[in-house]
Undergrad: 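Before I ask anything, let me first share the structure, which is written out below as structure tokens.
If you read the sequence from its start, that first residue is 1, and numbering goes on from there. All values reported here derive from a predicted model rather than from experimental measurement.
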Amino acid sequence: NFFHINDVFSFQVVQIYSKFSRKPHKIATKCSHKHHFFDFLVIILNSMMDGYSYVCYDNRKGVKEAVDYMIEKCHCQHIGMLTAYKDSQGSSQRFKAYQESLKEHNLEYHSDYVLYVSNYMSFDNQIIDEWLSQHPQLDGIMCTTDSLALQLYNNIKKTGKRIGVDIMIAAFDDIPEAKHAIPQLSS
């Protein structure tokens, strides 16, 4: 199903799940007319679109707090970012928060410290391995999703670095698997 209907107070609401948010305009156009689908109010989840009600993550705040923590508490000076989809609204907001945090702490932004992989569930092991070997100075990495961070754990272990000691990893999403990572993923 690409939408789920449930009662909210006395209204019927159509929820469009966030996994479809990469193309919210097409979804909303197909299923709504003047913000309604039949007699249902349309609310877009995890994506903003002019003229529609929406509920979104605070992408900037979570990433900013994580990068600030790496700098202030863990004394990281070379923080990279692992992400996907440059044109994604969520990714671009998370990227801007990463840049803002570096700037506020007088750390130089290096474009080569940012790696874009093919998707959020990426298993681009070779690309990630090459990026890590080209940047051994990285002491922190912000990942735009927990899935990317969990993949990164495997890549970092191959370098001999110890996560949580030699390099800090933080991510965004708080998926259940993050709690079972060793060490536990900060998400």
Side-chain angles (χ1 to χ4, degrees), residues 17-19 21-22 45-47 56-187:
Y17 289 111
S18 62
K19 66 182 173 181
S21 67
R22 284 199 22 87
L45 296 182
N46 202 26
S47 187
C56 291
Y57 295 117
D58 189 344
N59 290 298
R60 295 176 80 107
K61 183 179 180 191
V63 169
K64 179 135 178 18
E65 288 177 358
V67 176
D68 287 349
Y69 186 87
M70 281 193 246
I71 296 166
E72 296 168 10
K73 303 293 184 192
C74 302
H75 310 290
C76 295
Q77 296 293 300
H78 302 279
I79 301 172
M81 184 168 210
L82 181 58
T83 188
Y85 306 124
K86 285 184 183 182
D87 60 343
S88 161
Q89 195 170 46
S91 286
S92 65
Q93 290 171 347
R94 294 171 192 187
F95 175 71
K96 287 177 186 173
Y98 158 77
Q99 286 183 308
E100 287 171 12
S101 185
L102 294 178
K103 184 176 181 178
E104 287 176 14
H105 291 88
N106 298 313
L107 292 178
E108 188 176 345
Y109 164 73
H110 298 273
S111 61
D112 57 322
Y113 282 11
V114 179
L115 178 63
Y116 288 93
V117 291
S118 58
N119 61 65
Y120 291 126
M121 302 295 289
S122 178
F123 294 100
D124 294 335
N125 286 313
Q126 185 176 352
I127 294 167
I128 295 170
D129 288 342
E130 289 171 9
W131 178 66
L132 291 171
S133 69
Q134 291 167 0
H135 303 288
Q137 71 279 21
L138 291 176
D139 53 7
I141 300 174
M142 181 70 220
C143 299
T144 53
T145 67
D146 287 353
S147 296
L148 286 175
L150 294 173
Q151 175 59 42
L152 181 63
Y153 266 45
N154 294 325
N155 297 90
I156 288 177
K157 288 176 184 173
K158 291 187 265 180
T159 69
K161 287 187 175 183
R162 296 166 297 164
I163 299 167
V165 177
D166 304 315
I167 190 165
M168 303 299 144
I169 307 297
F172 197 92
D173 287 334
D174 199 25
I175 63 173
E177 294 86 356
K179 291 175 179 59
H180 302 291
I182 299 173
Q184 187 172 335
L185 177 61
S186 295
S187 177

Undergrad: Treating Ser186 as the side-chain partner and Ala170 as the backbone partner, does any N or O pair qualify as donor plus acceptor under 3.5 Å?
TA: no
Undergrad: If you apply the rule side chain to side chain contact (heavy atoms under 4.5 Å, CB included), what do you find for Leu107 with His78, and how did you get there?
TA: CA-CA 8 Å; Leu107 292 178; His78 302 279; over 6 Å; no
Undergrad: Would you name the heavy atoms of Leu138 and Lys161 that are closest together and state the gap between them?
TA: O-NZ, 2.9 Å
Undergrad: Tell me whether Asp173 contacts the main-chain N or O of Thr145 through its side chain, where contact means a donor paired with an acceptor under 3.5 Å.
TA: no
Undergrad: In Å, rounded to the nearest 0.5 Å, how long is the span from CD1 of Ile141 to CG of Leu132?
TA: 5.0 Å
Undergrad: Taking the side chain as everything from C-beta on, heavy atoms only, tell me whether His180 gets closer than 4.5 Å to Leu185.
TA: no
Undergrad: Between CD1 of Ile169 and SG of Cys143, what distance do you get to the nearest 0.5 Å?
TA: 5.5 Å
Undergrad: If we only count heavy atoms from C-beta on, is the Thr83 to Tyr98 side-chain gap below 4.5 Å?
TA: no
Undergrad: Using a 3.5 Å distance criterion without hydrogens, assess whether the side chain of Lys157 forms a donor-acceptor pair with backbone atoms of Ile163.
TA: no
Undergrad: Of all heavy-atom pairs between Cys76 and Met168, which one has the smallest distance, and what is that distance?
TA: SG-CG, 3.7 Å
Undergrad: Measure the CD-NZ distance between Gln93 and Lys61 for me, rounded to the nearest 0.5 Å.
TA: 14.5 Å
Undergrad: Any side-chain heavy atom of Arg94 within less than 4.5 Å of one from Met81?
TA: yes
Undergrad: Check the side chains of His135 and Tyr113 for a donor-acceptor pair under 3.5 angstrom, ignoring hydrogens and angles.
TA: no
Undergrad: Can you tell if the side chain of Glu177 reaches within under 4.5 Å of the side chain of Asp146, non-hydrogen atoms only?
TA: no
Undergrad: Working to the nearest 0.5 angstrom, can you tell me the gap between Leu152 CG and Leu115 CG?
TA: 9.5 Å
Undergrad: Any heavy-atom pair between the side chains of Tyr69 and Ser101 that's under 4.5 Å?
TA: no
Undergrad: Does any non-hydrogen side-chain atom of Thr159 lie less than 4.5 Å from one of Asp166?
TA: no
Undergrad: Classify the ring geometry of Phe95 against Tyr116: parallel below 30°, tilted from 30° to 60°, perpendicular beyond 60°.
TA: tilted
Undergrad: How close do Trp131 and Asp112 get, counting heavy atoms only, and between which atoms?
TA: NE1-O, 3.1 Å
Undergrad: Nearest 0.5 Å, what's the CD1-CD1 distance between Ile71 and Ile79?
TA: 4.0 Å
Undergrad: Any donor and acceptor pair, going by atom type alone, linking the side chain of Asn155 with main-chain N or O of Ile128 inside 3.5 Å?
TA: no
Undergrad: Might you point out which heavy atoms bring Tyr153 and Ala181 nearest each other, and give the distance in Å?
TA: CE2-CB, 3.7 Å
Undergrad: Charged N to carboxylate O below 4.0 Å: is that the case for Lys73 and Asp68?
TA: no
Undergrad: Is there a side-chain contact between Lys158 and Asp129 (heavy atoms, below 4.5 Å)?
TA: yes
Undergrad: Looking at NE2 of His105 and CE of Met70, how far apart are the two atoms once the value is rounded to the nearest 0.5 Å?
TA: 11.5 Å
